[in-house]
Amino acid sequence: MTAGEEYAGKLFTFEGSEGSGKTTQIELLADELEGMGHAVIVTREPGGTEIGEEIRHLLIHNSASEKMTPEAELLLFAAARAQLVREVMLPALQEGKIILCDRFLDSTTVYQGAARSISSDPVSFINQFAVQGIVPDLTFILDVPAEESIARVRRRITDLPDRMEQENIDFYRKVREGYLLLARSLPQRFHVVDGTEALKNNQEVILKTVLEHI
Ligand code: TMP
């Protein structure tokens, strides 16, 4: 059951590799929806709560995090998610708000499952435990080729690349393939957007698709 079938609110999630443009699209969509009078919450993973942001720091920026095992990484992403779901998402959905979330459980399926090769049983079980039954109403995948993703990240970085940004092209290819595989297996939930298209075109497509769901 999707969030919107169970609660008055809606959950729209945005996925894609680094530099795919999802964060910009979320900001544009939030402005449009708020302008129409909707109550919108923008949040992100890992993060979105005080505890989640501390976990984000540990996962992404901590100086010792190159020693982190894939299993510890999986559990930390799940911990941040469990906190966000219970502290922010469930109350907002009950109040009828629209949540736009920058990454959600599909990031774990793809990054820890497909790219880090943790087997699907623990990934799926831990994801389900963390989200407490919340399934996004719709998930946009901003799809960009791995080479383009890396090039965009390099252009954006002004400081040292973070732990995830240091990954190589094979990792980014697995991430992209993982997302496209998910989209093919659940076409009713996923909407793939060509992240190399003009920002304005994608903005219009995303808004139109969301409006059909609310
Ligand atoms: P971003 O949200 O700024 O793109 O950075 C978050 C990074 O964390 C990104 O490299 C994807 C990664 N990530 C995972 O590996 N698993 C997850 O479950 C989530 C939410 C993010």
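Numbering of ligands and ligand atoms starts at 1, following listing order. Residue numbers run from 1 in the order of the sequence given.
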Judged by non-hydrogen atoms, does Glu73 sit under 4.0 Å from ligand 1? no
At a 4.0 Å cut-off, with the gap strictly under it, does some heavy atom of Val110 reach an atom of ligand 1? no
Tell me which one of Arg81, Glu18, Arg56 gets a heavy atom nearest to atom 9 (C) of ligand 1. Glu18
From Tyr111, Phe77, Phe171 - option closest to atom 8 (O) of ligand 1 by heavy atom: Phe77
Scanning both residues in full, the closest heavy-atom pair of Glu45 with Phe77 reads OE1-O, 4.3 Å
Where Glu148 and Thr196 come nearest, the two heavy atoms and their spacing: CG-CG2, 4.5 Å
At a non-hydrogen distance cut-off of under 4.0 Å, which region of [X] contacts ligand 1 (side chain, backbone, both, or neither)?
X: Ile60; value: side chain
X: Gln112; value: side chain
X: Arg116; value: neither
X: Arg103; value: side chain

Of Lys22, Gln25, Arg44, which is the lone residue that meets side chain to side chain donor-acceptor pair (under 3.5 Å) with Asp102? Lys22
Please work out whether the ring planes of Phe140 and Phe14 are parallel, tilted or perpendicular, with thresholds of 30° and 60°. parallel
If the plane angle is over 60° it's perpendicular, under 30° parallel, otherwise tilted; pick one for Phe129 and Phe125. parallel
Report yes if some N/O of Thr108 lies less than 3.5 Å from some N/O of ligand 1; otherwise report no. yes
Could you verify whether a donor N or O on one side chain and an acceptor N or O on the other, from Thr109 and Asn127, lie under 3.5 Å apart? yes
How long is the gap from CD on Glu197 to CD on Glu204, to the nearest 0.5 Å? 11.0 Å
Glu50 CD: over 12 foreign heavy atoms closer than 6.0 Å: no
Taking only non-hydrogen atoms of Lys22 and a 4.0 Å limit, the atoms of ligand 1 in range are 4 (O)
Could you list which atoms of ligand 1 come closer than 4.0 Å to a heavy atom of Glu45? 2 (O), 20 (C)
